[in-house]
Amino acid sequence: MGHPCQSDGIKPLPVLQDNVVWIWARGREAVVVDPAVAEPVRQWLVDRKLELAAVLQTHHHADHIGGTPDLLRQWPSAAVIAAAADQERIPFQTVSVEPGMQLELLGQPISVIDVRAHTRAHLAYVLPQGCSPELPTPVLFCGDTLFGAGCGRLFEGSAEDMHLALKRLQDLPDDTIVHCAHEYTEGNLRWAHALRPDDQAIAARLSTVQDLRSRGSLSLPSTMGEERRTNLFLRACSVQELRELRLHKDSWSG
């Protein structure tokens with residue numbers, strides 16, 4: 001069973017413990033986002049007789065790029081789109097991009113956004129509103145910057161970096177479909193509910209997500225509107241508030 005806001009043409013493929021690989025198919029071609037491993041992705045594409053046109057890499061961590069080299073062995077002409085600033089850590093990239101650039105994939109425009117914080121060269125990719133009948137609302141691939149009710153750990157960036165990255169994502173409209181790279185929503189909401197027990201929006205989303213997960217369904221994707229209402233990191237009014245939330249979340253054992 002899919003999540004009710006899952007966008008047409010973009011499908012989730014859960015892999016490893018909690019990674020979600022997003023596959024965007026149009027016609028007989030597909031774009032894969034952050035393939036952690038190759039074989040489940042390869043089989044998914046082969047079963048549907050799809051050709052791999054491109055891989056979008058949000059950042060260099062092994063559980064996001066680990067499957068790409070093997071996918072390229074089967075589809076050597078596929079483009080690998082990644083940050084120019086991460087050429088050493090993603091050496092198999094073939095299209096090196098900078099924040100602010102515009103691309104075209106599967107006949108659709110894609111914008112590249114700077115969301116450095118989790119890593120020093122983290123990118124997000126946005127398909128704008130109304131770019132195709134299959135995708136009538138904006139689409140965001142945000143890697144490990146924004147999660148369901150959470151945000152990424154600050155491995156190479158600061159709270160200031162994350163606050164700025166999330167402010168950039170705040171510019172997206174409420175109906176933007178948020179495709180993050182990990183199924184962390186329930187844990188994030190349990191933490192948020194413990195911290196804000198009287199917040200009805202958080203409590204309601206936690207109940208919905210727990211029901212989805214109990215039935216074996218993903219909680220993803222979400223929407224920017226849903227994240228604005230229930231994500232404490234997006235709701236943080238200052239760098240200091242975000243820093244304190246991040247420290248609290250990192251030390252939370254609930």
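Keep in mind the model is a prediction, meaning the values are calculated, not measured. The first residue of the sequence shown is numbered 1, and numbering continues consecutively from there.
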Answer yes if [X] and [Y] sit in the same cluster of Ile, Leu, Val, Met, Phe, Trp and Tyr residues linked by side chain heavy atoms under 4.5 Å apart, and no otherwise.
X      : Y      : result
Leu154 : Leu247 : no
Ile113 : Leu164 : no
Val55  : Val97  : no
Val178 : Val139 : no
Val31  : Leu45  : no

Give, for atom [atom1] of [X] and atom [atom2] of [Y], the distance between the pair rounded to the nearest 0.5 Å.
X      : Y      : atom1 : atom2 : result
Cys180 : Leu140 : SG    : CG    : 9.0 Å
Gln43  : Leu13  : CD    : CG    : 11.0 Å
Leu50  : Arg26  : CG    : CZ    : 13.5 Å
Leu106 : Ile110 : CG    : CD1   : 7.5 Å
Leu195 : Trp252 : CG    : CH2   : 9.5 Å
Met162 : Arg243 : CE    : CZ    : 13.0 Å

Inset, instruction - Determine the interplanar angle of the His118 and His122 rings, folded into 0 to 90°, and report it as parallel if under 30°, tilted if 30 to 60°, perpendicular if over 60°. - result: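 Taking His122 first and then His118, their aromatic rings stand perpendicular (interplane angle over 60°).
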Inset, instruction - Can you label the angle between the His59 ring and the His64 ring as parallel, tilted or perpendicular, going by 30° and 60°? - result: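 It falls in the tilted class, 30° to 60°.
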Can you find a heavy atom in the side chain of [X] that is under 4.5 Å from one in the side chain of [Y]?
X      : Y      : value
Met101 : Ser111 : no
Glu156 : His60  : yes
Trp22  : Pro221 : yes
Pro14  : Glu183 : no
Pro12  : Leu220 : no
Phe155 : Arg120 : no

Taking all non-hydrogen atoms of both residues into account, name the closest pair between [X] and [Y] and its distance.
X      : Y      : result
Ala201 : Arg229 : CB-O, 4.0 Å
Ala36  : Val15  : CB-CG2, 3.9 Å
Val115 : Ala124 : CG2-N, 3.6 Å
Cys151 : Leu166 : CB-CD1, 4.4 Å
Ala181 : Asp144 : CB-OD1, 3.6 Å
Thr68  : Pro35  : OG1-CG, 3.2 Å

Legend entry - Verdict with reasoning, Gln87 to Ser96, per side-chain contact (heavy atoms from CB on, under 4.5 Å): CA-CA 8 Å; Gln87 287 183 345; Ser96 302; 3.0 Å; yes
Say whether, by atom type as modelled, one donor and one acceptor occur between the side chain of [X] and the main chain of [Y] under 3.5 angstrom.
X      : Y      : value
Ser217 : Arg213 : no
Thr94  : Val80  : yes
Glu98  : Ala83  : no
Asn188 : Gly148 : yes
Asn19  : Asp63  : yes
Gln74  : Leu71  : no
Asp86  : Arg89  : no
Asn231 : Gly150 : yes
His179 : Ile177 : yes
Asp34  : Thr58  : yes

Side chains of [X] and [Y]: do they bring a donor and an acceptor to under 3.5 Å?
X      : Y      : result
Glu104 : Gln108 : no
Ser158 : Asp161 : yes
Thr223 : Glu226 : no

Inset, instruction - Apply the test side chain to side chain donor-acceptor pair (under 3.5 Å) to residues Ser207 and Gln210: give CA-CA distance (whole Å), side-chain angles for both, the deciding distance (0.1 Å), then the verdict. - result: CA-CA 5 Å; Ser207 177; Gln210 286 176 325; 5.5 Å; no
Inset, instruction - Taking only Lys NZ, Arg NE, NH1 and NH2, and the carboxylate oxygens of Asp or Glu, determine whether Arg235 and Glu227 approach each other closer than 4.0 Å. - result: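 Not counted as a salt bridge, because no side-chain N and carboxylate O are separated by less than 4.0 Å.
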Legend entry - Sidechain N-carboxylate O distance under 4.0 Å for Glu160, Arg116: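 So Glu160 does not pair with Arg116 through a salt bridge.
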Legend entry - Reference residue Trp24; test side-chain contact (heavy atoms from CB on, under 4.5 Å); the match among Val32, Val33, Leu127: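 Of the listed residues Val32, Val33, Leu127, the side-chain contact (heavy atoms from CB on, under 4.5 Å) partner of Trp24 is Leu127.
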Legend entry - Contacts of type salt bridge (charged side-chain N to carboxylate O under 4.0 Å, His left out), residue Arg246, not counting sequence neighbours: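 Result, salt bridge (charged side-chain N to carboxylate O under 4.0 Å, His left out) vs Arg246: Asp250.
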Inset, instruction - Identify, with sequence neighbours excluded, every residue that meets salt bridge (charged side-chain N to carboxylate O under 4.0 Å, His left out) alongside Arg42. - result: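 Only Glu39 meet the salt bridge (charged side-chain N to carboxylate O under 4.0 Å, His left out) criterion with Arg42.
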Inset, instruction - Inspect the surroundings of CD in Gln102 and state if more than 12 heavy atoms from other residues, nucleotides or ligands are less than 6.0 Å away. - result: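 Counting other residues, nucleotides and ligands, CD of Gln102 exceeds 12 neighbours.
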Legend entry - Steps toward side chain to side chain donor-acceptor pair (under 3.5 Å) verdict (Arg228, Gln170): CA-CA 8 Å; Arg228 286 190 178 96; Gln170 287 272 29; 2.8 Å; yes
Legend entry - Test side-chain contact (heavy atoms from CB on, under 4.5 Å) applied to Phe147 and Thr185, step by step: CA-CA 7 Å; Phe147 293 129; Thr185 316; over 6 Å; no
